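A quick write-up on the structure given underneath.
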Protein chains: 2
Amino acid sequence: MKKKSVTSREVAQLAGVSQSAVSRCFSPKASISKKTRDKVLEAARQLGYRPNTIARSLITRSSRTIAVVVSQLDNPFYALTLAKASEYFQAEGYHLLLFLVSDDGNTEGVMSEILESQAEGILMLAASLATPFAQECVDRSIPVVMINRTVDSAGVSQVSSDNYHGGHWAGRYLVAQGHSRIAFLNGLPTSSTGAYRRLGFLDALALEGVSCWAEECGDYRFDKASEATRRLFAKSPYPDAIFAANDHMAIAVIETLRSEFGLRVPEDVSVIGFDDTPVASWPSFHLTTVRQPREEMVATASRLLLEQIREGQLSPVQLTLPVVPVIRSSVRGAV
Amino acid sequence: MKKKSVTSREVAQLAGVSQSAVSRCFSPKASISKKTRDKVLEAARQLGYRPNTIARSLITRSSRTIAVVVSQLDNPFYALTLAKASEYFQAEGYHLLLFLVSDDGNTEGVMSEILESQAEGILMLAASLATPFAQECVDRSIPVVMINRTVDSAGVSQVSSDNYHGGHWAGRYLVAQGHSRIAFLNGLPTSSTGAYRRLGFLDALALEGVSCWAEECGDYRFDKASEATRRLFAKSPYPDAIFAANDHMAIAVIETLRSEFGLRVPEDVSVIGFDDTPVASWPSFHLTTVRQPREEMVATASRLLLEQIREGQLSPVQLTLPVVPVIRSSVRGAV
DNA sequence: CTGTTAGCGCTTTCAG
DNA sequence: CTGAAAGCGCTAACAG
């Protein structure tokens with residue numbers, strides 16, 4: 001039933017030329033006379049010929065494919081990042097092989113598939129990489145660039161925003177606005193991103209002589225963050241400020257405080273997020289947050305990956321891009 | 001610089017067997033003795049051998065790859081749908097080749113790439129398909145399933161929710177709640193989805209003897225929907241109810257009404273959306289909406305695509321899945 | 001069960 | 001500029 005696809009040989013036959021002539025017509029840099037090219041293109045059109053990328057990849061040893069591993073696609077930050085990456089690589093003639101993994105979990109199964117898929121590079125979006133796989137990528141000289149996650153393995157490039165200083169700013173700012181019962185809502189306990197935000201935050205508090213009032217974990221998820229909020233506000237005195245490790249959770253905090261505790265933001269409780277996703281700027285929330293340079297991060301990561309593919313293994317780099325505090329009105333006393 | 005990858009021949013040599021024996025070790029259904037299998041696997045392990053999927057695809061004529069074309073990834077509805085599709089196909093041993101297109105625009109360039117990529121099936125998510133390409137897919141017997149978009153071409157399968165009746169319900173409900181100045185906020189003028197929601201809506205109003213107060217277009221985008229809202233409420237008397245073609249825009253309407261016009265929902269204006277995305281249920285909005293059976297839609301579409309791939313072109317089907325009204329409190333007089 | 005033998009559809013020397 | 005020939009790494013008959 002499956003219709004046999006048209007091959008270059010059939011085109012050659014119809015055009016009355018050799019099969020290699022047909023091939024040359026579809027290779028940008030090959031030299032061919034206008035006359036034969038026209039004959040070939042006409043025959044190709046008649047037959048509905050399209051070059052078979054798989055066969056081409058086999059011989060050129062280049063699949064022009066990037067594997068992208070994403071977790072948390074429900075977070076608009078990563079959905080938008082993926083969209084940007086796709087745009088970038090499409091423009092460069094690369095295709096994206098998409099692998100979604102649940103949070104930080106089993107990249108295991110997926111990594112084998114990637115390695116067998118002959119992808120020329122791997123982009124990791126908010127997903128972590130087990131060390132043996134990182135090593136195998138290095139061994140096969142397949143470049144890997146991670147966005148917003150680190151791995152303790154040399155050979156892998158990493159692009160992150162300055163999570164530490166973002167957290168640091170949040171801590172300083174909350175103290176400066178006169179808060180004293182300041183809580184932290186972490187994301188995934190295993191994510192390096194959250195760890196750095198937390199570290200910067202705690203260091204800032206310590207510097208100001210304030211200790212962290214409470215800590216909870218929301219797994220970067222809306223519902224988990226709501227539950228964490230309930231725990232934080234179960235007994236009085238409750239926190240007067242919360243720094244959430246991302247906007248998604250910060251919004252959950254605000255929603256829960258308002259609807260379940262009748263508390264106002266920022267009059268009763270101040271909230272700071274991280275990312276600056278579109279939702280943060282909605283009037284209902286007007287969330288003070290730490291902006292990650294999303295587009296710059298993905299552009300940098302993509303460029304890096306492409307460079308490493310082209311130069312056949314550039315030395316890996318770790319980049320940290322600056323974050324920008326965005327002061328809106330979810331913290332009391334804001335201008 | 002690129003390290004030569006290990007081939008099955010090298011493994012065969014080390015294991016002291018033929019190259020085909022190695023191949024058989026990595027084909028599930030091939031028969032091979034435990035002894036040789038062990039020898040081969042050990043040799044493979046030592047060398048770090050991984051079968052080359054590209055070479056395999058070339059000979060089996062099956063890439064085990066699905067091309068998925070998505071637009072509007074910034075809409076959580078589609079991000080979640082994509083996530084589900086990925087889960088489904090990954091479980092079935094298929095890989096997803098991701099193509100993002102801007103709204104309904106140029107699928108043109110992308111379709112050529114897909115056809116050349118040897119994908120075995122095409123999943124279209126909120127993206128439309130130019131007729132000649134649809135025809136070419138049929139000619140090559142590459143199954144295509146579209147989710148939430150239709151194309152006037154036979155041979156393409158389509159899974160949609162019952163947009164017409166969803167719109168119809170919205171219209172009836174708004175009239176039943178006593179509204180008389182009811183406006184419609186459309187999505188993309190070119191999308192069939194929006195067209196059906198509109199049609200059902202207008203038919204319902206007509207049935208009740210009410211005419212549509214005003215119509216605007218928000219392109220399914222947040223900012224455009226805000227602008228449309230401003231136009232709708234620029235002069236009095238303004239609408240007392242709005243049906244937006246999706247939740248994303250409905251939320252934008254609510255935000256704009258509250259922050260810029262000081263209007264309350266539902267006391268001053270009622271709002272209905274479409275989709276039932278997570279945001280709709282946030283306490284700040286508590287949006288009355290029409291739920292699309294998202295998971296069922298994507299499961300159905302994926303299953304369909306897989307069936308058609310396996311049976312080598314099943315006759316295409318058009319499925320319409322029922323929607324469910326979700327009554328919350330963004331329409332006045334709700335229970 | 002295993003090795004030998006043909007290719008899959010294409011790119012790429014290498015002569016002409 | 002063009003054709004012939006040699007594979008890319010693997011699977012799939014086909015004998016043994």
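Order of the sequence lines fixes the chain letters, A, B, ..., with proteins taken first and strands second; residue numbering starts at 1 for each chain. Just so it is clear, the structure is predicted and the values come from calculations on it, not from any experiment.
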Take atom [atom1] of [X] and atom [atom2] of [N], then tell me their distance rounded to the nearest Å.
X: A/Glu116; N: D/dT11; atom1: CD; atom2: C1'; value: 15 Å
X: A/Lys35; N: D/dG3; atom1: NZ; atom2: P; value: 11 Å
X: A/Arg9; N: D/dG7; atom1: CZ; atom2: C1'; value: 13 Å
X: B/Ile54; N: C/dC10; atom1: CD1; atom2: P; value: 14 Å
X: A/Lys34; N: D/dC1; atom1: NZ; atom2: P; value: 14 Å
X: B/Asn52; N: D/dC8; atom1: CG; atom2: P; value: 12 Å
X: B/Gln118; N: C/dC8; atom1: CD; atom2: C1'; value: 11 Å

Inset, instruction - Could you check which of D/dC10, D/dG3, C/dG9 has an atom nearest any side-chain atom of B/Ala55? - result: D/dC10
Legend entry - Among D/dA4, C/dG3, C/dT2, the nucleotide that comes nearest once only the side chain of B/Ile32 is considered: C/dT2
So, for [X] and [Y], which heavy atoms are closest and what is the spacing to 0.1 Å?
X: B/Met124; Y: B/Val144; result: CG-CG1, 3.9 Å
X: B/Ser315; Y: B/Gln308; result: O-OE1, 4.3 Å
X: B/Ala126; Y: B/Arg149; result: O-NH1, 3.5 Å
X: A/Ala21; Y: A/Ile32; result: O-CD1, 3.5 Å
X: B/Leu82; Y: A/Leu100; result: O-CD1, 4.3 Å

Strictly under 3.5 Å: I want the nitrogen or oxygen pairs between protein and nucleotides 12-16 of chain D, one per line.
none

Inset, instruction - Report yes if a side-chain nitrogen or oxygen of A/Arg61 is closer than 4.0 Å to either non-bridging phosphate oxygen (OP1 or OP2) of D/dC8; otherwise report no. - result: no
Legend entry - Under 4.0 angstrom between B/Thr7 side-chain N/O and D/dG9 OP1 or OP2: no
Legend entry - A/Gln13, CD atom: more than 12 neighbouring heavy atoms under 6.0 Å: no
Inset, instruction - Name the residue closer to the 5' end of DNA chain C, choosing between B/Ser18 and A/Thr53 according to the nucleotide with the nearest heavy atom. - result: B/Ser18
Inset, instruction - Please work out if B/Leu58 contacts a base, only the sugar-phosphate, or nothing of the nucleic acid, heavy-atom cut-off 4.0 Å. - result: base
Inset, instruction - Have a look at A/Val17 and say if it touches a base, only the backbone sugar-phosphate, or nothing, with a 4.0 Å heavy-atom cut-off. - result: sugar-phosphate
Inset, instruction - Scan residues 36-50 of chain B against DNA chain C and write down, sorted by residue number, each residue with any heavy atom closer than 4.0 Å; if none is found, say none. - result: B/Thr36
Would you check if there is a donor-acceptor pair between the side chains of [Y] and [X] at a distance under 3.5 Å?
X: A/Thr53; Y: B/Glu116; answer: no
X: B/Ser57; Y: B/Gln118; answer: no
X: A/Thr300; Y: A/Glu296; answer: no

